[in-house]
> 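Sharing a structure here in structure tokens format.
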Amino acid sequence: MKIGYPCINLSVAPLGAKTFRLATYSESKFKDVVANNLNYLERILQFNVLKGILFFRISSDIIPFASHDVCNIDWADFYKEELRRIGGFIKKNKIRISMHPDQFVLINSIKSEILENSIAELVYHAKFLDALGLNLTHKIQIHIGGVYDDKQASIQRFISRFKKLPVKIKRRLVIENDDHLYSLADCLHISKKVGVPVLLDVFHHKCHNQGESLSLALKKSIATWKSADGIPMLDYSSQRPHARIGTHIESINARDFTEFIKNLGRKDFDVMLEIKDKEKSALKALEILKKLKKI
DNA sequence: AGGTGTCAAGCGTCC
DNA sequence: GGACGCTTGACACCT
């Protein structure tokens, strides 16, 4: 079992990740920012290894505008040395990587332009992981998408679109249940049709489910992962007290997390903590795992 | 130097 | 119909 956190590290450098506005795009700005972001990523990964954190989600913003028309730079070639070095570090230390494109990636969209943009964005994500030289256990997780007033049709559209995606994307993708539209059961149905692994978001599952217990949900999710996909990944968070349902907690709740880990029994997962204070909670989670003699 | 409106992109929900 | 949340933070312009 590995513990991870998403995208940014607040101890390495509070303002480590850089971006810029489309209006001020220039080749030199792009190159500066990407160089900065790759360096920041490298420092985060070094920090993580030092602390025993071996799972990390790389930000989709690592290469700004990578899938946009303005970007004509072959970044994978221009930064091949850095990318190879970082990839080597990841492999040497057996770090697990995931990426999570944001809400604009909708392969079941009813608009062809949105579908095209989504594919371009997925091509970029897959290209990034490929450029690091990582095998197919390093995944890109997406949600099913919108409902567009007809859930069955939207699921069908997801399935037929998925089948037509380039292999380079398909082999990296996993699908994740969300908190109000597509539940675990929906994802399992789609998984059966197209053979894509289902990444269980346990917090979203708590918000939106068909009455399956956590342990049944875990079991069903595991069954969708083939050995080439690696150990199943899952997203973990808990409800922030006194906030809207679905709001992620500020810092890990030791009691909830202990309970969750005990519930796993002998099942093995790489656990991504979607918690606001990032590496701090990851470190606390590792302490809890040590106490429980899980690592 | 500090404050703040706004940022490539979409969807659904709440008021 | 507009603001907001989503994983959400920081750029860029204003004073």
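All chains are named by letter (A, B, ...) in the order of the sequence lines, taking the proteins before the strands, and each is independently numbered beginning at 1. The analysis underlying the following values was restricted to heavy atoms, covering all of them including side chains, and did not include hydrogens, waters or symmetry mates.
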> Using atom P of each nucleotide, how far apart are B:dG5 and C:dT7 to the nearest Å?
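Rounded to whole Å, the distance is 25 Å.
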
> Would you call A:D77-A:K80 a salt bridge at under 4.0 Å N-O?
yes

> Write out a two-atom table: protein N or O, nucleotide N or O from nucleotides 13-15 of chain B, distance below 3.5 Å.
none

> To the nearest angstrom, how far is A:E279 atom CD from C:dT7 atom C1'?
15 Å

> When the distance from CZ of A:F56 to P of C:dT7 is rounded to whole Å, what number comes out?
16 Å

> Could you give the CG-to-C1' distance, from A:D149 to B:dC11, as a whole number of Å?
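Distance check: A:D149 CG to B:dC11 C1' gives 11 Å.
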
> Any chance you could lay out the side-chain hydrogen bond (donor to acceptor under 3.5 Å, both in side chains) test for A:E121 and A:S67, step after step, and finish with the verdict?
CA-CA 5 Å; A:E121 185 71 357; A:S67 72; 2.6 Å; yes

> Is the closest basic N to carboxylate O distance between A:D61 and A:K18 below 4.0 Å?
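Salt bridge: no.
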
> Hey, is A:E27 close enough to A:K31 for a salt bridge, meaning N to O under 4.0 Å?
yes

> Can you give the dot-bracket line for DNA chain B, where a pair is Watson-Crick or G-U wobble with both atom distances under 3.5 Å, crossing pairs use [ ], and | marks a partner on another strand?
|||||||..||||||

> Under 4.0 angstrom, heavy atoms only, what part of the nucleic acid is A:K278 near: base, sugar-phosphate, or nothing?
nothing

> In whole angstroms, how far is the P atom of C:dT8 from the OH atom of A:Y5?
16 Å

> Between C:dC6 atom P and A:H204 atom NE2, what is the distance in whole Å?
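The answer, rounded to whole Å, is 9 Å.
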
> Can you measure A:R57 atom CZ to C:dG9 atom C1' for me and round it to whole angstrom units?
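The answer, rounded to whole Å, is 16 Å.
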
> Strictly below 4.0 Å, N to O, side chains only: are A:K262 and A:E259 in salt-bridge contact?
no

> Rounding to an integer number of angstrom, what distance separates C:dC4 and B:dT6 when you compare their P atoms?
12 Å

> Can a side-chain donor-acceptor contact be found between A:K29 and A:T24 if the only test is distance below 3.5 angstrom?
yes

> Mark yes when over 12 heavy atoms from residues, nucleotides or ligands other than A:K219 sit less than 6.0 Å from its NZ; otherwise mark no.
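Check fails, neighbour count at 12 or below.
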
> Taking the same atom, P, in C:dC11 and in B:dG10, what whole-Å distance lies between them?
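23 Å, rounded to whole Å.
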
> In whole Å, measure the gap between the P atoms of C:dT8 and B:dG2 for me.
27 Å

> What does the B/S/- profile of nucleotides 3-10 of chain B look like, 5' to 3', with a 4.0 Å heavy-atom cutoff to protein?
---BBBBB

> Please work out which of the three classes, parallel, tilted or perpendicular, describes the rings of A:Y25 and A:F20, given edges at 30° and 60°.
tilted

> Between B:dG12, C:dC11, C:dA12, spot the one nearest the side chain of A:K18, thanks.
C:dC11

> A:H208 side chain N/O closer than 4.0 Å to the phosphate oxygens (OP1, OP2) of B:dG12?
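Looking at the OP1 and OP2 atoms of B:dG12, neither is under 4.0 Å from any side-chain N or O of A:H208.
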
> Mind telling me whether A:Y236 and A:F260 have parallel, tilted or perpendicular rings, with 30° and 60° as the class edges?
tilted

> Does the side chain of A:K94 come within less than 4.5 Å of A:K2's, by heavy atoms?
yes

> Within the 4.0 Å heavy-atom criterion, would you say A:V70 contacts the bases, only the backbone, or no part of the nucleic acid?
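No contact at all - A:V70 keeps every heavy atom at 4.0 Å or more from the nucleic acid.
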
> Assess whether a salt bridge exists between A:E279 and A:K51, defined as any Lys/Arg side-chain N lying under 4.0 Å from an Asp/Glu carboxylate O.
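No, this pair does not count.
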
> Measure up the A:H248 and A:F203 rings against each other and bin them: parallel (under 30°), tilted (30 to 60°), perpendicular (over 60°).
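It falls in the perpendicular class, over 60°.
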
> Name the residue from A:K139, A:R57, A:R96 that meets the salt bridge (charged side-chain N to carboxylate O under 4.0 Å, His left out) definition with A:D270.
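In the set A:K139, A:R57, A:R96, the residue that makes a salt bridge (charged side-chain N to carboxylate O under 4.0 Å, His left out) with A:D270 is A:R96.
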
> Any side-chain N or O of A:T24 under 4.0 Å from OP1/OP2 of C:dA12?
yes

> Rounded to whole Å, please give me the gap between CG in A:N37 and C1' in C:dC11.
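Those two atoms, CG and C1', are 13 Å apart.
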
> Expressed in whole Å, how much space separates the P atoms belonging to B:dG3 and C:dC6?
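The answer is 26 Å between these two P atoms.
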
> Let me know the distance between NE2 of A:H100 and P of C:dT8, rounded to the nearest Å.
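That distance rounds to 11 Å.
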
